[in-house]
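Below is one structure, written out as structure tokens; the observations come after it.
Order of appearance sets the numbers: ligands from 1, and atoms from 1 within every ligand.
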Amino acid sequence: MVGKVAVGGDAPISVQSMTNTETTDVEATVAQIKRIQEAGADIVRVSVPTMDAAEAFGAIRKQVDVPLVADIHFDYRIALRVADLGVDCLRINPGNIGREKRILAVVEKARDLGIPIRIGVNAGSLEKDLQKKYGEPTPEALVESALRHVEILDNLDFQDFKVSVKASDVFMAVGAYRLLARQIEQPLHLGITEAGALRSGTVKSSVGLGMLLMDGIGDTIRVSLAADPVEEVKVGWDMLKSLKLRSKGINFIACPSCSRQNFDVISTMNALETRLEDVKVPMDVAVIGCIVNGPGEAREADLGLTGGTPKNLVYIDGEPSQKLEQENLVDELEKLIRKKAEDKIAQNAQLIAKG
Ligand code: SF4
């Protein structure tokens with residue numbers, strides 16, 4: 001458990017992101033955590049590089065309710081402090097803490113307070129002896145590094161941990177996770193580290209994490225983008241939605257448009273996607289420019305729009321429902337989609353009430 005969020009086993013694959021504010025700027029960090037949570041993050045990580053940041057972490061903890069992971073390197077005192085201040089998971093590599101007494105202090109504190117640890121191995125910071133042994137970062141080197149940390153926790157009979165073996169190279173990361181998944185039972189935190197900017201990083205992460213998730217590997221994911229962390233959460237969710245591993249909000253089906261389109265598909269789609277970000281109930285909405293593919297897609301969706309002249313046709317639950325003029329198309333469509341979302345919430349509530 002990372003706070004109230006289960007990770008591993010049959011639990012849904014959780015979506016994480018990380019703040020990029022100065023942690024000592026409590027106000028800015030709290031505001032960003034709230035935006036990340038609102039976008040759908042199950043867990044948020046905050047880097048805690050100094051004791052000042054640890055104190056700030058305590059103030060942040062009091063102002064948000066999403067589970068928080070503290071990202072700590074080397075300094076065991078920071079780990080002890082954030083544990084007392086209410087952290088939900090420590091990202092710290094036991095092998096990097098130093099003397100045995102320090103490792104023991106952190107592990108005992110984590111055990112006492114029921115705080116899990118994430119071992120986070122990264123190709124960019126592989127131990128020197130492993131770099132020498134393997135010549136360069138390789139999947140085997142990443143896994144050997146991870147297993148060293150795992151062994152330390154095993155020897156202390158501490159099993160409440162998860163592991164990541166990240167690399168910016170998709171093949172290296174995928175190879176490492178596949179190797180590691182065969183060797184340990186603990187949950188795996190997936191990520192392609194330093195994947196890149198919004199577009200390139202999204203593609204790299206989707207390819208890499210997609211391969212692993214389809215193998216049944218991975219319990220929690222973080223998409224690393226050189227972008228607003230909110231985008232990381234959106235991409236993470238879209239990944240899980242595409243693979244039908246989780247559902248949340250609207251799954252849009254839209255044609256790319258061509259000269260047969262009877263309304264401007266691209267601008268309509270962009271406007272709807274932005275306006276309807278707050279809809280959380282899972283539903284399929286098809287936005288298709290003409291009758292070539294429109295009726296077929298609309299029949300499979302909760303709500304579908306097929307372009308036509310002089311009017312466009314709306315389908316609800318696969319049945320033709322009403323026609324919409326070109327004028328105010330986005331406004332009218334938004335209203336209908338919101339209405340459909342409310343109906344679905346009511347239907348779900350009825351089903352739950354019936355048991
Ligand atoms: S559905 Fe119609 S408008 Fe959309 S791409 Fe296909 S032919 Fe073009």
Side-chain angles (χ1 to χ4, degrees), residues 39-40 195-211 213-214 223 225 227 230-231 233-345 347:
L198 185 55
R199 180 173 53 83
S200 54
T202 296
V203 173
K204 253 192 238 175
S205 298
S206 305
V207 170
L209 300 196
M211 283 196 264
L213 291 168
M214 287 319 288
V223 176
L225 299 176
V230 165
E231 298 299 331
V233 179
K234 290 184 190 170
V235 172
W237 268 102
D238 281 345
M239 232 181 249
L240 297 180
K241 277 162 44 175
S242 314
L243 296 173
K244 301 214 183 303
L245 291 169
R246 278 184 85 179
S247 53
K248 177 175 85 67
I250 299 175
N251 172 39
F252 280 107
I253 298 117
C255 77
S257 80
C258 72
S259 64
R260 288 197 190 90
Q261 70 179 358
N262 292 299
F263 64 93
D264 186 338
V265 174
I266 293 176
S267 67
T268 304
M269 244 327 291
N270 286 336
L272 288 175
E273 201 170 55
T274 309
R275 290 190 192 190
L276 294 163
E277 268 181 354
D278 61 300
V279 173
K280 299 284 187 278
V281 63
M283 60 189 285
D284 292 333
V285 172
V287 179
I288 310 289
C290 80
I291 56 160
V292 171
N293 293 321
E297 291 291 357
R299 257 180 236 123
E300 302 299 319
D302 293 295
L303 188 148
L305 175 74
T306 295
T309 40
K311 289 182 180 172
N312 307 298
L313 184 57
V314 175
Y315 292 72
I316 293 182
D317 294 327
E319 298 295 328
S321 159
Q322 64 211 88
K323 293 188 170 167
L324 290 183
E325 309 265 359
Q326 307 298 343
E327 213 187 350
N328 302 328
L329 180 62
V330 175
D331 291 344
E332 294 304 318
L333 211 45
E334 182 187 350
K335 272 188 223 157
L336 290 173
I337 295 169
R338 287 194 183 281
K339 167 83 177 52
K340 181 69 191 154
E342 279 166 24
D343 290 349
K344 278 189 86 87
I345 292 168
Q347 276 169 5

Notebook entry, point to check: Does the pair Glu342/Arg338 count as a salt bridge with the N-to-O cut at 4.0 Å?
Noted result: no
Please tabulate, for side-chain N and O atoms in residues 287-306, each donor-acceptor pair with protein atoms closer than 3.5 Å (sequence neighbours left out).
from, atom 1, to, atom 2, distance (Å)
Asp302, OD1, Lys344, NZ, 2.9
Asp302, OD2, Asp284, N, 2.7
Thr306, OG1, Gly294, O, 3.3

Notebook entry, point to check: Is there a donor-acceptor pair under 3.5 Å between the side chain of Lys234 and the backbone N or O of Ala39?
Noted result: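 No: the side chain of Lys234 does not pair with the backbone of Ala39.
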Checklist line | Under 3.5 Å donor-acceptor, Asp264 side chain and Ser267 backbone | finding: yes
Next item on the list: Please round to the nearest 0.5 Å and tell me the distance separating atom CD1 of Ile250 and atom CD of Glu277.
Entry: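 Going from the CD1 atom of Ile250 to the CD atom of Glu277 covers 10.0 Å.
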Next item on the list: Have a look around atom 2 (Fe) of ligand 1 and list protein N/O/S atoms under 2.8 Å, or say none.
Entry: Cys290 SG
Next item on the list: Over all heavy atoms of both residues, which pair between Gly40 and Val233 is shortest? Give the atoms and the distance, please.
Entry: C-CG1, 3.6 Å
